[in-house]
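As structure tokens, the structure follows; a few thoughts come after it.
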Protein chains: 2
Amino acid sequence: MGDTASMATCFDMCQHRHMSNSKVLPVLAPETATPCCPPLTERPLTAEEAERTAKMFKALGDPVRLRLFSLVASHEGGEACVCDISDVGVSQPTVSHHLKKLREAGLLTSERRGTWVYYRVEPSVLAAMGQTLGRYSA
Amino acid sequence: MGDTASMATCFDMCQHRHMSNSKVLPVLAPETATPCCPPLTERPLTAEEAERTAKMFKALGDPVRLRLFSLVASHEGGEACVCDISDVGVSQPTVSHHLKKLREAGLLTSERRGTWVYYRVEPSVLAAMGQTLGRYSA
DNA sequence: GTCACCCATCGACAGACGTCGAATCAGAGG
DNA sequence: CCTCTGATTCGACGTCTGTCGATGGGTGAC
């Protein structure tokens with residue numbers, strides 16, 4: 001299950017710009033990361049770039065996953081226990097399944113503390129996606 | 001086939017900030033549009049918001065579609081004929097199928113001029129997606 | 001230990017999705 | 001008119017995916 005790690009490193013090459021929250025995020029050596037993806041308007045994506053980038057968008061392409069992600073992202077303290085976000089209209093196994101997908105896409109990280117499992121947003125991957133969308137909103 | 005229109009209007013409520021390209025884009029009356037989606041970190045998305053927003057991400061969640069979109073977005077003049085972007089490794093009907101999906105998601109618009117059909121990026125929807133991702137990359 | 005609780009995994013199923021070839025539609029030009 | 005070319009639609013097929021109930025694994029309390 002090394003998907004999470006590979007997606008996380010995928011991003012870090014994408015940070016052409018400065019990040020103000022470098023204190024919070026672990027700093028990875030650039031040479032260990034594979035390049036992720038330029039803005040979609042810059043040049044046509046290669047097949048591999050598209051394959052890699054599509055996984056991130058696909059992870060947010062399901063309504064339930066999007067709600068779960070939003071619940072974690074907006075939760076107090078930046079993290080949420082599974083029991084806090086299980087009320088999205090699907091069964092508990094399904095919630096677990098979607099959280100796993102989000103984890104595999106590198107969008108969330110999980111940590112067990114005692115009885116509960118806490119999920120937390122991986123900001124770097126979000127930033128990579130935003131960068132891929134380009135500067136339309138500037 | 002009113003999907004394109006509804007997605008386009010979905011965005012325009014999202015423009016809390018000024019837009020410099022209002023000359024290019026049609027200006028829609030805000031009261032005719034349904035709100036799209038706040039940043040994912042601001043508050044949990046409702047079911048309808050998630051449903052609507054997920055469609056946009058889903059559209060970019062396929063490698064072939066992502067490449068097609070990138071080909072249009074990066075093409076000279078901001079638009080591309082289908083014949084210019086049909087070399088992505090799938091058959092021509094499949095290309096047409098994916099372009100239709102991107103159109104229905106509001107990400108592309110198409111226009112027939114003589115023999116050829118030209119596709120063009122809809123910048124507003126991209127902006128809405130970027131805004132939904134929040135300010136991680138700022 | 002035993003029980004209760006939280007969460008993940010398993011197995012199965014229906015529906016959605018990507019893909020193709022064939023057919024069809026739309027213009028341009030004989 | 002007919003034909004050629006570009007693009008979409010149709011019908012079919014295999015695969016992927018979201019969902020569930022049942023089961024299992026881990027942790028804390030009694």
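Per chain, numbering begins at 1; letters A, B, ... match sequence-line order.
- Side-chain proximity of A:R112 to D:dT27, C:dA8, C:dT19: nearest is D:dT27.
- Phosphate contact (OP1/OP2 of D:dT8, side-chain N/O of B:Y119, threshold under 4.0 Å): present.
- Distance B:W116 CH2 to D:dT8 P: 14 Å, rounded to the nearest Å.
- As a whole-Å value, the separation of A:R103 CZ from C:dC7 C1' is 11 Å.
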Look for any protein N or O under 3.5 Å of an N or O in nucleotides 11-17 of chain D and output each such pair with its distance, or none.
| unit_1 | atom_1 | unit_2 | atom_2 | d |
| --- | --- | --- | --- | --- |
| D:dT17 | OP1 | A:K58 | NZ | 2.8 |

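- B:R112 meets the salt bridge (Lys or Arg N to Asp or Glu O under 4.0 Å) test with no other residue; sequence neighbours excluded.
- Whole-Å rounding puts the A:R113 CZ to D:dG26 C1' distance at 17 Å.
- Between the side chain of B:T41 and the main chain of A:A73, no donor-acceptor pair closer than 3.5 Å is present.
- Across all strands shown, A:S96 has heavy atoms under 4.0 Å from base atoms, whether or not it also approaches the sugar-phosphate.
- An OP1 or OP2 oxygen of C:dC17 is reached within less than 4.0 angstrom by no side-chain nitrogen or oxygen of B:H98.
- Taking every heavy atom of residues 80-94 of chain B and every atom of DNA chain D, pairs under 4.0 Å involve B:C81, B:V82, B:C83, B:Q92, B:P93, by number.
- As rounded to whole Å, 14 Å separates atom P of D:dA7 from atom CD of B:E111.
- In summary, of the residues considered (A:L99, A:V121, A:V125), a side-chain contact (heavy atoms from CB on, under 4.5 Å) with A:L107 occurs for A:V125 alone.
- In this structure A:E111 satisfies the salt bridge (Lys or Arg N to Asp or Glu O under 4.0 Å) test together with A:R113, sequence neighbours excluded.
- With sequence neighbours left out, the side chain to side chain contact (heavy atoms under 4.5 Å, CB included) criterion links A:E42 to A:P38, A:P39.
- For B:T46, the side chain to side chain donor-acceptor pair (under 3.5 Å) test picks out B:E49, with sequence neighbours left out.
- Residue contacts for A:V95: at a heavy-atom cut-off of 4.0 Å it reaches no nucleic acid atom on any strand shown.
- The side chain to side chain contact (heavy atoms under 4.5 Å, CB included) search around B:C81 returns B:C83, B:D84, B:W116, B:Y118, not counting sequence neighbours.
- With sequence neighbours left out, A:H98 forms a side chain to side chain donor-acceptor pair (under 3.5 Å) with A:R65.
- Annotation: of the two residues near DNA chain D, B:Y118 and A:T115, the 5′-most nearest-nucleotide partner is B:Y118.
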Please tabulate, for side-chain N and O atoms in residues 86-93 of chain B, each donor-acceptor pair with protein atoms closer than 3.5 Å (sequence neighbours left out).
| unit_1 | atom_1 | unit_2 | atom_2 | d |
| --- | --- | --- | --- | --- |
| B:S86 | OG | B:V82 | O | 2.6 |
| B:S91 | OG | B:T94 | OG1 | 3.0 |

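- Look at A:K100 and you won't find any side-chain N or O under 4.0 angstrom from OP1 or OP2 of C:dA8.
- Straight-line distance from the CG atom of B:L102 to the C1' atom of D:dA7: 16 Å, rounded to whole Å.
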